[in-house]
Amino acid sequence: MKQIKGINDFVVKFANVNGTGSASANHLFAKAIFRMGIPVSPRNIFPSNIQGLPTWYEVRVSSKGYLGRRGGVDLMVCVNPQTMEQDIADIEPGGYFVYDNTKPLAPHLKRDDITYFGIPLTEMCMREFKVPRLQQLLKNVVYVGAIAALLDIRFSILKDLLNDQFKGKEKLIHPNVRALEMGYQFATENFSCPLPIRLEMGGNDAPHIKESNHILMNGNTAAALGAIYGGATVAAWYPITPSTSVIDAFSKYAQRMRIDPGTGKKNFAILQAEDEIAAMGIVVGAGWNGARAFTATSGPGLSLMSEFLGLAYFAEVPVVLIDVQRSGPSTGMPTRSQQSDILAAAYASHGDTKHMLLFPATPRECFDMTVQAFDLAERFQTPIIIMSDLDLGMNDVMSPPLEWDDDYEMDRGKVLDAEALDTVEKFGRYLDVDGDGICYRTLPGTHPDKGAFFTRGSSKNEMAIYSERGEDYVRNVDRLLRKFETAKSYVPEPKTHPPVEVKKPKSRKKLGALFFGTSASPAYEAVEMLAEEGYPIDTMRLRAFPFHKSLDEFIREHDVVFVIEQNRDGQMRQLIMNECHVSPDKLASVLNYSGIPITARTIANQIRQALDLESANVVKLHPETV
Amino acid sequence: MKQIKGINDFVVKFANVNGTGSASANHLFAKAIFRMGIPVSPRNIFPSNIQGLPTWYEVRVSSKGYLGRRGGVDLMVCVNPQTMEQDIADIEPGGYFVYDNTKPLAPHLKRDDITYFGIPLTEMCMREFKVPRLQQLLKNVVYVGAIAALLDIRFSILKDLLNDQFKGKEKLIHPNVRALEMGYQFATENFSCPLPIRLEMGGNDAPHIKESNHILMNGNTAAALGAIYGGATVAAWYPITPSTSVIDAFSKYAQRMRIDPGTGKKNFAILQAEDEIAAMGIVVGAGWNGARAFTATSGPGLSLMSEFLGLAYFAEVPVVLIDVQRSGPSTGMPTRSQQSDILAAAYASHGDTKHMLLFPATPRECFDMTVQAFDLAERFQTPIIIMSDLDLGMNDVMSPPLEWDDDYEMDRGKVLDAEALDTVEKFGRYLDVDGDGICYRTLPGTHPDKGAFFTRGSSKNEMAIYSERGEDYVRNVDRLLRKFETAKSYVPEPKTHPPVEVKKPKSRKKLGALFFGTSASPAYEAVEMLAEEGYPIDTMRLRAFPFHKSLDEFIREHDVVFVIEQNRDGQMRQLIMNECHVSPDKLASVLNYSGIPITARTIANQIRQALDLESANVVKLHPETV
Amino acid sequence: MSYFKPKFRHPRLPVNALGYTIADYDGSISTLCAGCGHDSISTAIRNACFLSSIPPHRIAKLSGIGCSSKTPTYFLGRSHGFNSVHGRMPSVATGASVANRDLIYIGLSGDGDTASIGMGQFVHLIRRNVNMTYIVANNGCYGLTKGQDSATADFGSVSKYGSPTPFEGIDLASLALLQGASFVARSFSGDKEQLEPLIRAAMAHQGFAFIDIVSPCVTFANHVGSTKSYAATRAHLEAMPLDFVPMREEIRTQYDPGTTQAITLHDGSVIHLHKASDSHQTDDRNKALMSMQAAREEKKILTGLLYLDPNTQDLNHTLELATRPLNSLGKDELCPGSRVLNSINEGLR
Amino acid sequence: MSYFKPKFRHPRLPVNALGYTIADYDGSISTLCAGCGHDSISTAIRNACFLSSIPPHRIAKLSGIGCSSKTPTYFLGRSHGFNSVHGRMPSVATGASVANRDLIYIGLSGDGDTASIGMGQFVHLIRRNVNMTYIVANNGCYGLTKGQDSATADFGSVSKYGSPTPFEGIDLASLALLQGASFVARSFSGDKEQLEPLIRAAMAHQGFAFIDIVSPCVTFANHVGSTKSYAATRAHLEAMPLDFVPMREEIRTQYDPGTTQAITLHDGSVIHLHKASDSHQTDDRNKALMSMQAAREEKKILTGLLYLDPNTQDLNHTLELATRPLNSLGKDELCPGSRVLNSINEGLR
Ligand SMILES: Cc1ncc(C[n+]2csc(CCOP(=O)(O)OP(=O)(O)O)c2C)c(N)n1
Ligand SMILES: Cc1ncc(C[n+]2csc(CCOP(=O)(O)OP(=O)(O)O)c2C)c(N)n1
Ligand code: SF4
Ligand code: SF4
Ligand SMILES: [Mg+2]
Ligand SMILES: [Mg+2]
């Protein structure tokens, strides 16, 4: 039998039952690889329930630094009988299967083309540990020990991690280390370790990762830190997966970093609202009153917030919203990832509205863009929506370290204080003094005589007086468009990489690929795969809406541009069609919307198919046929 | 001085203060013209308040049957000193001005190019009537009498109308008739009546109107009748202008037509909900339970309903929503009209959603399409949104009479009753048995053993069992797309008129115009104006989303297509760009979003400008430059 | 997965008046945490429906979102169910109820679903007196989103998150009472004897029946400090046992303080109350409210049937709805026809 | 347009302690109907602020949508105002209040705005005890949308639409009381003497202060049958006059049933109550509730200060907010800097 080979380049997947403590053991595994200096990206695939249902943990190891999903599984660790049949079927030919053989494997689960490693996990734990809870829990650690031997993980790193993890609860270290050792020992004694797929310390061929001293963290924590560093003082929210941990992390850091040293009081307020409408209302009220305020939510919450988003747009109130996207529509799949709130966010609320969106792709960007969101919100006096997703928000992602420039100054935008008001001859809240569509605002309580005005979601003239005159209305909403235009040069510009060189290109067409957020990593990988096959594809990673001018150029310069995204309807493609002047022939959709993050293989396959068709008719690249 | 001339072809505008009873007097005027057999279209332009602010009533008279706004005012009747300056400025050169000269006109209000008719309205009424309320109220009737003389309205028709109006309150007839006579007499005695602009009985050169025995009614009432005839039994709503009168009318008719003759009980339920979320929830619950249910709302309500719309889409529950659009965003201008909820409605809610929309253009269509909406909702098990607007919903519009085919049978869609269930071997709620994307449903309580299932907004498999499997999810949402595709041949197809013939066309380009709803009337008029100038323009009136295949053809067959709509962002153009495969070069926006309905002149002007540019560069027709 | 469906049916399983066995009232296997209070509520509902001999398909189950709102999948598999959106089940239930007045409606909600996001709809549902049984599986926390405090969490109670709740908990039962609910009860998920008859009574009541059931979340709120945990709840229970007897089995009729009271419900069935304290009267709204407030001040949870107005007028009556369900009406009843339309046209000329 | 701003100021217009004349508290010209109760509330707020010598720019006005919610434009033109969206002012006010604890917040709402669409937010606003004065201009109808019944319309009252309200009206004051509001009052828009001191007391109260003001809609609900019309209200008023005296003017201190009571507020100011009936105590929540219920049963509207807990803890305290307003904090207080971030990075390797 041919076995899969490879050093620092494979996919391991764990199949567990949720509520059994597997997540932390699996994390131990991934973190150890990270500590070995090897690019790794773990993903938790969990059900929308608390206990007893199937859950998976997929770990991509890639010396080239590919952090997206590749597709396929090389080594499967399955301790969940509910899903074993499918899990075994999912293994690549030549792959490996680790399982609890306390009970023998059913004969129909035998495949000829994979290698089986039975470990009597239950039996070993029953024998070794007395407390039932530990018997259950430490099974997970035993298999981690075993695959550490199979894959050649440095054992001391695992021990160090356990020591770190149980600091303060030293009593727990011993049984955990024991369990690790049991697994390790069992594997070395019973299997020929290491496998043809294995790890090698420091095996990192990705220069950008090697150089930057990467960290391993999830996007939600990074966004929360962004809110801390960006000076957010008011957070209002309503619990919803997968955005809840943004506020959990904000709360944790705020408790540590935002206590007034003199009084012990809090330089922040966190309000768990009664629902998302209220959460957004609180943020609107705080933003109006000059505090940096934000909320975090997911799908259903975004829908509920839409009336308030329209108010904030039209009344011009700074608001920051972190939308950690999950699978829609409706309740959809709450614990699955998608990029499918794009149109709902961009055009949230009735009437003519357009909202500014940011698309982070890494924890580092979650941090940076959250800081930036507060600046943009105050500069443009409008909602800024950060479009993260479950994949980025809730998984540990290798990321360049967070960086902070101590010279950073908050951009509070055009706010007139009492002094400024004294010098202003005539204050009109909606006068476009600078011609950029952005007007000057004042905060309540600023000045005894000047600058007070009425904020409203209804039409007004430039002096903020209620008005139903068509001219006033049109002047105002046209200015809002002007403001949106101004924003184009303030928002993060798209990223282009130097094109991959291809010796003998197979296509005469100039090909491009557009993507954003969590589609970026697998997209880059797919592009490199295709480059090797003779298809040079230029890339552009979008980072914000409104789109930068360079997007138009990019599209103009290419014959076909693939828009890679994780939703059914090609929403980013639609947004581009709406906002840029592009022939639809040029934009071909590459889509995945199964709820599980898109893989490099899926992207490459779809592009390959499209390129095959291309010779016949470019118009066919329209998503309906791709 | 040149005076404007014309028989049965002019614009009269009344400038009043709201809460003074002017609306009914002005309506008397318009209705009298209607009874003279002359095409007329009155529009009430009123403030978002109850008493004391400016309000206008604009009456278009057009023997050719143009029912949209033309632009400009030929005869202004102004009894509101607050707005007099602007009102006078708005009169066309050669026009006429009627005012209350109890107090003399300020000298700066004098124009050389218009004719003034001062009538001492206040003085006359103070002299004639004793009760203060009548003194105030009947001023309006006096000026109607006066312009009846000026424009040659048949006096007996006015008297008949008063008799109709005050049936049951006969005491009021006399003073009203007296006031009419006073005005009539004053005008005949003091002015040379009739004016060069005037009416002539039966002066109707519009064959389509002449033939069809038109009625005068507003769209909201027509929609309400549609709900009655369409078999709606549950109406849930929350008051909001301009949709409130849909339910008012439904209630009125239901009280009359839906009382069970045996028991005196109600064959309908109307629930004033606590807000729009609840209103939509009630409709969803009733629709799930097999009743035909609907709600009516406007902008902010639509935003609030978005979460439930997503549920109804994904859980596949029939729902009818009548969105009477007003000016957004946010509270916007509640008593002004726009067509600006198109994107918000089409893509309501997070995740990948698409909703079916209907676009009525006349009261007759409000009626027909509401009936049809119930059929479509049950056939497609999804929300149907009727996109009306204030202009159509709240104004009296000349319309072909409502027609009813007594052989009509409700299309209850694919519902299995107990008998059917008995014969079905395996019932799966989301099995696409017929391959059209539409599955069979059952209603609660139908069968003791079979057909029960769980409805949910989360992902499920074909047997309606909760599922987080990617395959189940994808199969399901792809089927929803298939269903949407099926709908294309069920929804009302677009209307094309035979092209206007042009002898010597000035342009070699094939020109087209797309429009819908209240933009249609002025668009047809503009197209005829331009035809006379030598520009033949083919037209297509859209009536539904998803778009019919003929839209693609229409666009393909033309070089430039003008998309005429009443919003800032060209939302229908965007929807077309998203859903059809169209080059953006082809679609040029013609827009008005001042809140006052678009005029034929505005449309013609924008198209003219575009055509001037056209020779230089067709790409310039993109809305940013048009 | 704490509640397993029996694999096969015992041939001599007892049957109810309609000939159904209890298994005919089963649902799917629960996916809640082992030991979750909510599962006991599912069982109690199943048992109540069996005992009251309600044909399962004549029941409709509605819920919002949450662990508690998932439970309708786990009982009455032959009934239609609707797991709607978070906090908005009241409106969906209202619509369903007017669409078909002939079904029996059970609404299942959580404290997050009802007391937070659903507060507005809950209050208005009560005001409309929709004919349904509305159960809140009240665990003082948001189970499904991992244990955040809900608005019913008691002041000072400590969730898994660690910091004590700084706000007073909302008492849904007294709120329902003040807002005019005609049937208000409270119980404890682990108290089968009290729960089943309460549910049967609620279903027999012609109007809005509210049952607030303290239902501990074993995963997130079962530890000292949380006054809604098993341990804390047990200590604070002041039980008011209650027995339900459908008319054909009527046994007791007398009611004096300290003893038992028979109350005839609107459908003719009778419930029997045991009154634990002299001061509690189920027919006096204000007194009931005050008893509850008094218990609350003593940090006790008063359980049992707290208030009942058997002569209430439900929404179907208020709306003067036809006796035939609206969803069963056809063209003949609904469509006035062309003649009427022509006369309407006439009036518009 | 019932309320006209004086065109010029009298040179000897009286000034308050801060030197402001009453005109400094004026707003724009009202666009409400002549005679609308809401305009009297605007005047009362203006007068109260003048009399209490509050610098106008230190007040922030918030409202929802409705005729009532329009009123903030018509008073205190030197204060910032925020006319937000329908029914959601409570959340906006909550956010504003935590953002700057130093301003005085007045929320203006209607019965539609609060009791229907706003019910959920209202209940939670009370629970959080946001430091603000919340006024409902209660006319039992939706004025701005032309007079539909609101949820506070009394059972059987008849709106311009003609059919009697078939549901019990929601009593916002007792709801507020039950939900734990620390200041609950009710008054009548036409009763200047009672209203002004109540508003002053509410503004001085450190916590959530609720005033339910019966404010007749002259256009849509002022006719027989509607119990909230002028005529009906006048007949049912059981007035409890109340006088407000800031500390430096304190006059009375004694309080016995039938006489007057002095209560020291949190900011040191004192209010004086005249207690109309022996049974009403403003320091006992349950008794207050029962008095209100009793009056309600007699179809009377109990007015005056109904309940006051001067020792309440407002949201700013519950959240342990810094004394400096959050919106005034800068980089130094808020941003932990690069050193801290580097150590966080370290922990993530
Ligand atoms: C609009 C919306 N917001 C938030 C959520 C996330 N969510 C799911 S369940 C839940 C709370 C459930 O709490 P509760 O009703 O008390 O049920 P329990 O799980 O405690 O039984 C929340 C906030 C959601 N599904 N929808
Ligand atoms: C979301 C939303 N729904 C409906 C409306 C329409 N609307 C405006 S004011 C109002 C009711 C106002 O009633 P109330 O609060 O009692 O104020 P009043 O006019 O009686 O003073 C409604 C329903 C709206 N503006 N927004
Ligand atoms: S999390 Fe709590 S409420 Fe949810 S199923 Fe588990 S025990 Fe029950
Ligand atoms: S409609 Fe009623 S509430 Fe509105 S301004 Fe007029 S009187 Fe006041
Ligand atoms: Mg709960
Ligand atoms: Mg009102």
Side-chain angles (χ1 to χ4, degrees), chain B residues 35 213-217 225 228-229 231 233-234 236 257-258 260 263 265-269 271 273-275 277-291 293 307-308 311 401-406 408-410 442-449 452-458 466, chain C residues 28 31 55-62 65 72-73 76-85 88-100 102-103 120-121 123-124 128 315 319-331 333-338 340-342 344-345 348-349:
Chain B
R35 287 246 176 124
N213 203 4
H214 269 46
I215 54 174
L216 193 64
M217 83 183 300
L225 275 167
I228 295 276
Y229 276 76
T233 51
V234 178
M257 303 173 180
R258 286 288 194 75
D260 183 75
T263 60
K265 297 281 182 185
K266 293 175 179 164
N267 281 333
F268 67 96
L271 289 147
E274 58 272 29
D275 65 8
I277 298 178
M280 184 47 94
I282 291 169
V283 172
V284 166
W288 170 74
N289 219 354
E307 190 194 16
F308 258 127
L311 172 73
L402 309 185
E403 272 176 29
W404 189 249
D405 173 3
D406 285 315
Y408 163 80
E409 294 293 340
M410 300 187 204
T442 57
L443 300 181
T446 302
H447 193 286
D449 308 309
F453 71 95
F454 219 87
T455 302
R456 42 169 66 84
S458 41
Y466 181 82
Chain C
S28 320
T31 61
H57 72 293
R58 302 304 294 170
I59 298 174
K61 309 167 292 184
L62 297 115
I65 300 284
T73 317
L76 299 181
R78 296 187 183 195
S79 310
H80 273 68
F82 196 166
N83 200 182
S84 64
V85 291
R88 321 292 180 184
M89 175 266 278
S91 59
V92 177
T94 304
S97 158
V98 296
N100 184 354
D102 280 358
L103 299 185
Q121 294 213 343
V123 168
H124 286 275
R128 294 197 185 96
L315 182 65
L319 292 178
E320 299 170 47
L321 284 197
T323 41
R324 265 183 65 191
L326 294 182
N327 73 350
S328 71
L329 302 175
K331 187 182 137 185
E333 293 89 4
L334 301 177
C335 187
S338 60
V340 174
L341 197 61
N342 290 340
I344 291 174
N345 281 329
L348 297 166
R349 283 187 186 121

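Order of the sequence lines sets the chain letters (A, B, ...), proteins ahead of strands, with each chain counted from 1.
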Fill in the blank from the handout: If you tally heavy-atom pairs under 4.5 Å between each of C:Val98, C:Asn100, C:Leu341, C:Leu103 and chain B, the highest tally belongs to C:Leu341
Problem - Contacting moiety of B:Ala278, where chain C heavy atoms sit under 4.5 Å - result: both
Handout entry: C:Arg88/B:Leu311 under side chain to side chain contact (heavy atoms under 4.5 Å, CB included): CA gap, chis, key distance, verdict
Key = CA-CA 11 Å; C:Arg88 321 292 180 184; B:Leu311 172 73; over 6 Å; no
Exercise for the section: Determine yes or no for a side-chain-to-main-chain donor-acceptor pair under 3.5 angstrom, with B:Arg258 supplying the side chain and C:Leu334 the backbone. Expected result: yes
Completion exercise
Checked B:Ala236, B:Pro448, B:Gly445, B:Ala273 vs chain C; the most non-hydrogen pairs under 4.5 Å come from B:Pro448
Handout entry: Side-chain (C:Arg349) to main-chain (B:Asn213) donor-acceptor, under 3.5 angstrom
Key = yes
Handout entry: side chain to side chain contact (heavy atoms under 4.5 Å, CB included) evaluation trace for C:Val340 with B:Trp404
Key = CA-CA 9 Å; C:Val340 174; B:Trp404 189 249; over 6 Å; no
Handout entry: Shortest non-hydrogen contact from C:Leu319 toward B:Ala269
Key = CD1-CB, 3.9 Å
Completion exercise
Ranking B:Leu443, B:Asp275, B:Leu225, B:Asp405 by heavy-atom pairs under 4.5 Å to chain C gives rank one to B:Leu443
Problem - Region of B:Leu216 that comes under 4.5 Å of a non-hydrogen atom in chain C - result: both
Practice task
Heavy-atom pairs under 4.5 Å with chain C are the metric here; pick the option from B:Thr263, B:Asp260, B:Leu271, B:Val234 that has the most.
Solution key: B:Leu271
Exercise for the section: Can you tell which part of C:Leu315 gets under 4.5 Å to a heavy atom of chain B, answering side chain, backbone, both or neither? Expected result: side chain
Fill in the blank from the handout: Checked B:Pro444, B:Ser458, B:Ala291 vs chain C; the most non-hydrogen pairs under 4.5 Å come from B:Pro444
Completion exercise
chain B shares the most heavy-atom pairs under 4.5 Å, among C:Thr94, C:Leu62, C:Leu321, with C:Leu321
Problem - Interchain contact, B:Ala293 with chain C, by part (heavy-atom threshold 4.5 Å) - result: neither
Exercise for the section: Classify the ring geometry between C:Phe82 and B:Trp288 as parallel (under 30°), tilted (30 to 60°) or perpendicular (over 60°). Expected result: tilted
Exercise for the section: Let me know if C:Pro336 has heavy atoms under 4.5 Å from chain B in its side chain, its backbone, both or neither. Expected result: both
Handout entry: Gap separating the CD atom of C:Gln121 from the CD1 atom of B:Ile277, nearest 0.5 angstrom
Key = 7.0 Å
Exercise for the section: Identify which part of C:Ile65 has an atom lying under 4.5 Å from any heavy atom of chain B, answering side chain, backbone, both or neither. Expected result: neither
Fill in the blank from the handout: Interatomic distance, OG1@B:Thr446 vs CZ@C:Arg58, rounded to 0.5 Å, equals 8.0 Å
Exercise for the section: Measure across B:Leu402 and C:Asn345 and return the closest heavy-atom pair with its distance rounded to 0.1 Å. Expected result: O-ND2, 2.7 Å
Fill in the blank from the handout: The interface call for C:Pro72 against chain B, heavy-atom contacts under 4.5 Å, is both
Exercise for the section: Quick one: closest heavy-atom pair of C:Ser91 and B:Gly281, and the distance? Expected result: OG-CA, 3.3 Å
Problem - Engaged part of C:Val123 at the chain B interface, taking heavy atoms whose separation is under 4.5 Å - result: neither
Practice task
Using modelled atom types only, decide if a donor and an acceptor are shared between the side chain of B:Asp406 and the backbone of C:Ser338 within a distance under 3.5 Å.
Solution key: yes
Problem - Top contributor to chain C interface from B:Tyr408, B:Tyr229, B:Phe308 [non-hydrogen pairs under 4.5 Å] - result: B:Tyr229
Practice task
Measure the CG-CG distance between B:Asn267 and C:Leu326 for me, rounded to the nearest 0.5 Å.
Solution key: 7.0 Å
Completion exercise
dist B:Ile282:CD1 -> C:Arg128:CZ (nearest 0.5 Å) comes out at 5.0 Å
Handout entry: Spatial distance of atom CZ (B:Phe268) from atom CD (C:Glu320) [nearest 0.5 Å]
Key = 8.5 Å
Exercise for the section: Kindly say whether C:Thr73 contributes a backbone atom to a donor-acceptor pair with the side chain of B:Tyr466 at under 3.5 angstrom? Expected result: no
Completion exercise
CZ (B:Phe453) and OG (C:Ser79) are apart, to the nearest 0.5 Å, by 12.5 Å
Practice task
Could you tell me whether a side-chain N or O of B:Lys265 sits under 3.5 Å from a main-chain N or O of C:Arg324, the two making a donor and an acceptor?
Solution key: no
Fill in the blank from the handout: Turns out that what part of C:Ile59 lies under 4.5 Å from chain B's heavy atoms comes down to neither
